[in-house]
Structures are given as C-alpha cells and as structure tokens.
Protein chains: 2
Amino acid sequence: MHDVPAIHAERTSAGWRLPGIANLHSHAFQRAMAGLAEVQTDPADSFWTWRETMYRMAGRFDPDTLRAVATQLYVEMLEAGYTRVCEFHYVHHAPDGSAYAPASAMSDALIEAARVTGIRLTLLPVLYMRGGFDGSALGERQRRFGHEVDAYLRLLADLHARQDDALRVGCALHSLRAVPPDAMDAVLAALPDDARVHIHIAEQVPEVDECIAVRGARPVAWLLEHAPVDARWTLVHATHLDAAEVAGIARSGATVALCPTTEANLGDGLFPLRDYLDADGAWGIGSDSHISVSPVEELRWLEYGQRLVTRRRNIAVRASTPSVGTTLFAGVQASAAASTGFDATDDAVTLDADVPLLAGATADDVLDRWVFAGNRPLVREVHVGGRQVVSEGRHALHEDAARDYASAMQRLLA
Amino acid sequence: MHDVPAIHAERTSAGWRLPGIANLHSHAFQRAMAGLAEVQTDPADSFWTWRETMYRMAGRFDPDTLRAVATQLYVEMLEAGYTRVCEFHYVHHAPDGSAYAPASAMSDALIEAARVTGIRLTLLPVLYMRGGFDGSALGERQRRFGHEVDAYLRLLADLHARQDDALRVGCALHSLRAVPPDAMDAVLAALPDDARVHIHIAEQVPEVDECIAVRGARPVAWLLEHAPVDARWTLVHATHLDAAEVAGIARSGATVALCPTTEANLGDGLFPLRDYLDADGAWGIGSDSHISVSPVEELRWLEYGQRLVTRRRNIAVRASTPSVGTTLFAGVQASAAASTGFDATDDAVTLDADVPLLAGATADDVLDRWVFAGNRPLVREVHVGGRQVVSEGRHALHEDAARDYASAMQRLLA
C-alpha cells in the first residue's frame with residue numbers, strides 16, 4: 001500500500017510505545033454470550049442458529065446490565081490496546097418494543113461505560129427496520145431494535161448534540177436487508193456532514209444470494225451504485241466480494257472493518273485480503289461479537305487465514321514495509337481516523353519490554369513478536385489523550401468492573 | 001466419536017479443575033525465533049524460506065542456550081495448561097557436525113529443563129539422515145541433525161535406560177524424505193516394545209508430490225503400507241490426505257498430532273478434521289514451533305479453520321458430547337497416553353473461577369468459555385502427578401527462567 005507509512009515502535013523507559021488501536025466494530029452486549037453459543041443445536045449449525053442465541057441474550061438486557069457489561073468490555077479493550085471503539089448499537093428499546101424514557105437510555109448506558117473507562121466512543125445507533133429483503137416486518141424478538149426514520153433521526157440528533165473529545169456519533173445501517181432503499185436515502189440526506197456511516201454487508205452467502213434475487217445485484221455492488229460511499233463509510237465484513245467489488249470499495253475510499261475472530265466463529269468465510277491490499281484498499285479490525293478481545297489475535301488470524309488458503313507465508317507484507325506486523329499495524333492506523341471520526345494521535349499503548357517474548361527485540365521486530373506470538377497480555381500502559389488509564393497492565397476499574405459484571409451476569413443468566 | 005467420553009470440569013475450592021493437557025509436538029529451540037520469521041524475504045515466501053530462518057537459529061544453539069530456552073518454554077507450557085510434552089528433538093551435534101561429549105548433551109539439556117520445571121517429557125530423538133527423497137547427503141546446515149543408524153540406536157539406548165515417572169523415550173523419524181526405507185526398517189526392528197514412534201508427514205504439498213514421484217505413493221499411503229503403524233504411532237501434521245488415507249490412519253489406531261497455529265503460520269493448509277472425526281480417528285495437539293504456546297488457541301483455531309472452509313459452525317461437536325469445547329477436550333485426552341507413553345491421570349489444571357469470563361459458568365459451558373474466549377491466562381494451579389508446579393498462575397521458576405532466557409537470547413541474537 002503505497003500511501004501507508006510503516007509504524008515503528010518507540011523504546012521508552014516504560015517499554016515499547018505504539019499508537020493506540022481502533023476497534024471498528026463492537027456489539028457490546030454480546031460479550032455476555034462469549035463461549036455460550038458453541039453447543040450443539042442443529043446438525044447444520046450455522047450463523048443463523050448463532051443468531052437465535054444472540055436474540056435470547058439481547059432480550060434480557062436493560063440499561064443497567066448493558067452499562068455493566070460494556071464497562072467490563074471497555075476495560076478489557078483498553079487493557080488489550082484498543083483506545084477507540086465504534087459501537088454498532090441496535091438494542092434500543094424495552095423488550096416489548098416500547099421506547100425507554102429517555103429514548104436514548106440504552107445509548108446512555110454505553111456512553112457512561114465509555115466515560116468511566118476512558119475509551120473513545122464512536123456511537124453508531126443502528127437503523128433496523130425490516131425483517132428481510134422481502135420488506136417483512138420485524139419479528140417479535142427484533143422489536144427492541146426497530147425504528148422508523150423520523151424516530152431514528154430524533155435519536156441521532158439528540159446524541160449528536162452531545163459530541164465532545166471522547167464521543168463521536170454517526171449512523172449505522174444494520175444491513176441492506178434491514179433498511180429499505182428509500183429509508184436509506186432519507187437518513188443519509190439528513191445526516192450531519194461529520195457523521196460516519198457504518199453498515200454490515202456481504203457477511204453471509206445467503207444474504208448475497210437474496211440481494212441478487214431481490215435487488216438484481218450483489219450487496220456491495222448495489223451499495224456502491226445507490227449510495228454516496230466515500231471515506232466517511234465503513235463496510236463491516238464485506239466477506240463475499242467479486243473482483244469489481246474489491247476494486248470499487250478501494251476506489252471509494254471507504255474502510256472495510258474486518259473481524260477475523262468473529263467471522264471465524266460464525267463460519268462467515270475469508271475476505272480476499274491480498275487482492276484488496278493490491279488495490280490499495282483501506283481496512284481496519286473489529287472485535288464485533290467479542291468472542292475474543294485481542295487486537296493481536298485479530299491481526300494474526302487475518303494474516304493466517306490468507307496463508308492457509310494460499311499456502312504461502314507473509315501475505316500482508318508490502319515492498320514499502322519491513323515485515324508483516326508493521327504492515328498490519330500501518331493498515332490499522334491508516335484507516336482509524338476516517339472510520340472512527342477521532343484523530344487520536346496522542347493515544348498510546350506501551351508494551352512491557354521486560355517479558356521473555358520481547359528479549360532482544362528491536363523496533364523492526366517488536367510488532368511481529370507481539371502480533372504473532374503475543375499470547376499473554378503484554379500491554380503495560382495505555383494513554384487516551386493525555387490520560388493514563390492502564391498501569392502495570394491493569395485498568396483502574398479492573399476490580400470494580402469485574403464485580404459489577406459478575407452481578408449483571410447473574411441477572412442475565414437467571 | 002463413539003468411544004470418547006465427554007470431559008467435564010469439576011468445581012473445587014481452587015476453581016474449575018480439568019485434566020492436564022498433552023502437547024504432542026515440540027521443537028523447543030524454535031521458541032527463540034517466535035515472531036522473527038515474519039519479515040519479507042521473497043515475494044513467493046513459503047515454508048521453505050521460513051526453514052532458512054530456522055536453520056540460522058538452530059546453528060547458534062549449544063547445550064546451555066538450549067536448556068535456558070527449553071526451561072522458559074516449559075514454564076510457559078505449564079502455566080498454559082500443558083502437563084506433558086513430546087520433544088521432537090533434532091539438534092543433536094556441535095555446529096560442525098561432530099558429536100558432543102557426551103553425545104546426548106543436547107538431549108540432556110532438554111531432560112534437565114523438564115526436570116527443573118516438572119513437566120513430563122516424552123523425548124523423541126530424531127533420526128535425520130538424508131537431504132531429500134533423492135537420497136542426497138545432508139547439507140552443511142543439517143549436519144547438526146544427522147545420524148547413521150548405529151549411532152542413533154546407541155543414543156536411543158542410552159536415553160531409554162534413563163526412563164522414569166517423568167521421562168519417556170521414543171523414536172522420531174524426521175520424515176519420509178529424511179529417512180531411507182531400509183534405515184526405517186532397521187530402527188523400527190530395534191526399538192524397545194514401549195517406544196512411541198512419531199513422524200512428520202504430509203505437511204507440505206511439494207513433499208507429497210515428491211513422494212509420489214520417487215516412491216509411487218502419497219506419503220501416508222506409503223507409510224501405512226510399509227511400516228507397522230499402530231496405536232504407538234503419532235503422525236505429525238498429516239495435512240494433505242485423500243479419503244483412503246483418512247480412513248487408513250483412523251483404522252491403524254495411530255494419533256494425528258495437529259499443530260494449528262504453526263500450520264497456519266507456515267501456510268501448510270487445513271487438515272480434513274470433519275472427515276477424520278467421522279472415521280473415529282485419534283488426534284491431539286502440539287505447539288510445534290511455539291509461535292503460540294496456548295492449548296486453547298490450538299483448539300479454537302482447529303475448529304475455526306473448519307468453520308471458515310465449510311461455512312458452518314460447531315464442526316467438532318458430536319452426538320455424544322454437549323458442546324464443541326467438551327468434544328475437543330475429550331479428543332485431546334483420549335489420545336494422550338498412547339501418544340506420550342504417560343498415563344498421567346493425576347495431572348490437573350485448575351482455572352481461576354473468579355475471572356469475569358467465567359462468571360456464571362457451569363460444568364457444561366466452562367470448557368467452551370475457556371477454549372473460545374480465553375484470551376487471558378486463566379490457569380491458576382497446575383499439578384503434575386502429586387506435585388503443584390503452578391500457583392496463582394505462576395510457575396515457581398517464572399522469574400528465574402525469564403532471566404536465564406533473556407541472557408540466552410542475548411547470546412543467540414548476538
């Protein structure tokens with residue numbers, strides 16, 4: 001990628017200092033179901049049976065449990081090296097579908113979790129209107145997620161007015177299947193100029209097939225033709241692409257948010273990374289369902305997925321960068337401001353230089369060591385803006401958040 | 001797998017108690033190069049360029065540095081939940097190819113590392129005789145690895161005489177390409193009855209193609225026809241198999257040692273796990289090159305590799321087991337004694353029950369939570385036999401081993 005400078009780690013008295021990492025895709029509440037969807041439900045188990053577990057869990061949350069789970073999750077993210085998170089937030093209403101008072105109660109829980117932990121939050125309230133490409137109404141368990149356009153824009157305006165140094169508010173379109181074209185047009189036309197737009201797209205093959213059947217085009221091709229996709233946009237997953245779509249996303253300037261651990265857990269398939277890098281496409285990573293909360297596991301397995309398929313090594317390395325780790329880090333940094341809305345050049349993550357894994361490390365190889373062999377937590381300090389939020393590997397709320405999380409889990413699993 | 005009982009975790013006052021995990025494949029010295037082979041060397045980078053880095057690193061070891069690196073590695077293994085390790089050990093001689101005095105000096109270093117850390121060691125000195133299927137002599141950088149049959153059997157007899165409760169000694173054939181058929185026959189005929197036999201096989205496509213060209217059969221097919229493969233045998237990798245080979249290994253009773261993180265790092269390809277489980281084949285895991293030292297990452301990505309290819313979830317789950325995590329654990333336990341030579345039913349790994357990830361856990365889901373979402377170290381205690389070697393997540397030698405490792409790395413990277 002000719003325009004992506006290599007990232008070098010800097011050796012300081014505290015350790016190896018790196019830029020903070022942006023997490024481009026999060027559904028915070030799903031952290032509570034990590035490891036609970038690996039049971040046998042159906043011989044042809046797939047994404048769609050996982051979704052059943054997710055619906056059951058989503059049905060149990062209220063603002064208090066959401067705040068507790070998000071607080072624990074954001075502590076984990078900071079301790080792992082993420083300093084910014086894009087929250088693709090769709091559990092808006094009470095279980096019966098009625099609005100909370102205030103209507104932003106669930107969003108408020110996420111904002112509060114971000115405030116107390118110190119992570120920068122790009123809040124992306126999700127527009128979720130229909131049950132499928134056929135325009136069917138939302139099912140009973142999707143009622144918590146739904147808005148018509150006017151109510152959605154009121155929520156967005158309320159939240160957008162609260163933007164500050166640690167909060168950005170943008171728009172998430174759940175997916176092409178959940179948002180009719182005219183609603184998409186109306187919302188996009190009403191967005192503030194600075195608002196980022198994120199959308200789930202082309203994650204699953206059945207979704208691609210339905211889009212072709214109903215709209216006459218593959219999802220990404222349809223989106224590129226019918227929406228003003230540019231650098232403000234983030235396409236989440238974009239797993240199933242043809243060559244024209246790969247080139248089209250790269251040309252648009254949009255970022256692709258890749259979520260390797262979730263995409264592997266859900267059996268989505270593999271993104272065509274090598275072709276996309278050759279087209280100079282922008283990309284970043286997200287922990288999505290939070291089955292893993294580890295930027296290095298995301299990066300490692302993004303690269304490994306390509307190696308397993310191509311039977312080659314060092315796929316992401318480019319002529320301009322000395323190694324795979326530096327190339328992957330450079331890619332993640334290059335897209336972060338466009339996708340999150342935060343510049344955040346003063347965020348920093350410092351790795352413990354004294355662990356055995358980094359014995360003899362140099363600025364050229366420390367990222368490779370961390371990304372490929374960093375199985376234990378190596379993050380020693382994290383700074384967000386000027387504020388230090390992690391010391392000696394622990395967030396200041398490490399204990400408190402864990403206690404509140406355990407109590408929330410008792411209620412959620414009762 | 002009809003004959004593999006599910007493993008359930010037991011809740012004790014110390015946490016969730018599980019059986020110890022067997023690591024079926026280790027090249028200890030390679031831990032020192034973790035993260036150092038992810039640099040750009042060749043546009044068509046592959047396994048074979050990785051091997052160049054490995055040769056350079058292997059060339060620098062002596063018994064002292066090997067003991068230091070192995071000690072750190074075994075501390076890491078125990079802290080991660082491995083209580084047994086099969087050491088596939090091929091760096092036998094001085095750099096110029098001459099024997100150390102004693103000839104077992106490098107083996108002795110591994111035995112000492114295992115003794116001081118308390119891990120059970122299945123030492124498998126490697127027979128490595130030729131540079132390829134063409135029968136060519138070993139290259140200059142392979143001289144440290146080589147033996148003729150007589151010298152090899154003397155080394156094996158010396159080591160075998162030292163077996164005890166914590167040490168087993170078996171035979172490793174490096175690969176079909178490195179061991180001529182008549183030498184294989186001679187060594188197998190001379191082995192003690194209790195000796196396990198491990199062999200690298202069908203890891204890389206070029207190796208499969210060469211075997212077909214020279215020996216007229218695929219590697220696993222050739223081995224099954226020409227060697228008395230039974231439950232004492234472990235086939236390492238066995239990545240590239242046809243349907244007859246899948247059925248043949250399963251029928252033989254041999255164990256396949258799968259090394260998902262190394263196989264991904266090297267771009268080997270994906271083992272046909274689903275078909276092999278359907279054939280009731282025995283299998284276990286190994287950390288091999290130690291790019292990762294984490295049994296849960298091995299198990300998680302073993303399952304995920306299959307999900308990505310099949311676009312289904314929960315591949316390893318079977319009718320007789322309640323979840324993927326329990327099925328994977330049961331598989332690993334079922335093969336451990338046959339592959340390592342250790343029964344070790346009194347080894348135990350206890351997970352910290354108080355971490356957020358295990359909040360509300362039950363005996364039915366704790367393995368899924370650990371395997372799929374256990375990104376931080378959760379192992380609190382480890383017992384090998386009656387001896388507790390890890391307390392509060394730390395091995396007694398945690399600090400000492402790290403210091404000696406750092407000093408060894410200074411010499412290795414000088």
Side-chain angles (χ1 to χ4, degrees), chain A residues 34-36 38-41 44-47 49-50 72 80 205 263-270 290-294 297 301 304-305 307-308 310-314 317 319 321-325 355-357 359-360 365 368-373 375-377 401-402 405-406 409-410 412-413, chain B residues 34-36 38-41 44-47 49-50 72 76 80 205 263-270 290-294 297 301 304-305 307-308 310-314 317 321-325 355-357 359-360 365 368-373 375-377 401-402 405-406 409-410 412-413:
Chain A
L36 301 184
E38 317 304 323
V39 292
Q40 186 167 35
T41 50
D45 199 2
S46 69
F47 173 82
T49 54
W50 174 87
Q72 170 63 26
V205 171
E263 290 157 8
N265 187 278
L266 297 183
D268 289 343
L270 288 166
H290 315 301
I291 186 71
S292 288
V293 182
S294 164
E297 188 177 2
W301 285 94
Y304 282 175
R307 293 188 190 186
L308 284 168
T310 62
R311 295 189 193 144
R312 288 264 171 268
R313 298 186 73 248
N314 300 351
V317 80
T321 50
S323 74
V324 182
V355 295
L357 184 67
D365 65 31
D368 287 328
R369 292 177 188 234
W370 188 34
V371 168
F372 288 96
N375 285 85
R376 295 164 181 234
Y405 178 79
M409 285 297 282
Q410 257 186 338
L412 290 166
L413 297 177
Chain B
L36 301 183
E38 317 304 324
V39 294
Q40 189 167 32
T41 49
D45 199 1
S46 70
F47 172 81
T49 55
W50 173 88
Q72 170 64 26
E76 293 174 2
V205 172
E263 290 157 6
N265 186 278
L266 297 184
D268 289 343
L270 287 166
H290 314 302
I291 186 70
S292 289
V293 182
S294 163
E297 188 177 1
W301 285 94
Y304 282 175
R307 292 189 190 185
L308 284 168
T310 62
R311 296 189 193 145
R312 288 266 172 267
R313 297 186 73 247
N314 300 353
V317 79
T321 51
S323 74
V324 183
V355 295
L357 184 67
D365 65 32
D368 287 328
R369 293 178 187 232
W370 187 34
V371 168
F372 289 97
N375 285 84
R376 296 164 181 236
Y405 179 79
M409 285 297 282
Q410 255 183 340
L412 290 167
L413 298 177

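Order of the sequence lines sets the chain letters (A, B, ...), proteins ahead of strands, with each chain counted from 1.
For A/Ser292, the parts lying near chain B are the backbone and the side chain together; criterion is any non-hydrogen pair under 4.5 Å. Looking at A/Val371, neither its backbone nor its side chain comes within 4.5 Å of chain B, counting heavy atoms on both sides. For A/Leu36, the part lying under 4.5 angstrom from a heavy atom of chain B is the side chain only. Neither the backbone nor the side chain of B/Gln410 has a heavy atom closer than 4.5 Å to any heavy atom of chain A. Residue contact with chain A, scored on non-hydrogen atoms closer than 4.5 Å, is absent for B/Val355.
Ranked by heavy-atom pairs under 4.5 Å with chain B, the first of A/Leu413, A/Asn265, A/Asp365 is A/Asn265. Looking only at heavy-atom pairs under 4.5 Å with chain A, the residue among B/Met409, B/Gln72, B/Arg376 that has the most is B/Arg376. Of the listed residues (B/Ala406, B/Gly269, B/Ala264, B/Ala402), the greatest number of heavy-atom pairs within a distance under 4.5 Å of chain A belongs to B/Ala264.
Nearest heavy atom pair, residue B/Glu76 against residue A/Pro356, reads OE2-CB, 4.3 Å. Here the shortest heavy-atom pairing between A/Asn375 and B/Ser294 reads ND2-CB, 3.8 Å. Minimum interatomic distance between B/Ala34 and A/Ala373 (heavy atoms only, all atoms of both residues): CB-CB, 3.8 Å.
Rounding to the nearest 0.5 Å gives a distance of 13.5 Å between NE2 of A/His290 and CG of B/Leu357.
For the pair A/Tyr304 and B/Ile291, the minimum side-chain heavy-atom distance is below 4.5 Å. Taking 4.5 Å as the limit, every side-chain heavy atom of B/Arg369 sits out of range of all side-chain heavy atoms of A/Glu38.
Among residues two or more places apart in sequence or in another chain, the salt bridge (charged side-chain N to carboxylate O under 4.0 Å, His left out) test is passed with A/Glu263 by none. Residues meeting the side-chain hydrogen bond (donor to acceptor under 3.5 Å, both in side chains) test with B/Asp268, sequence neighbours left out: B/Gln204.
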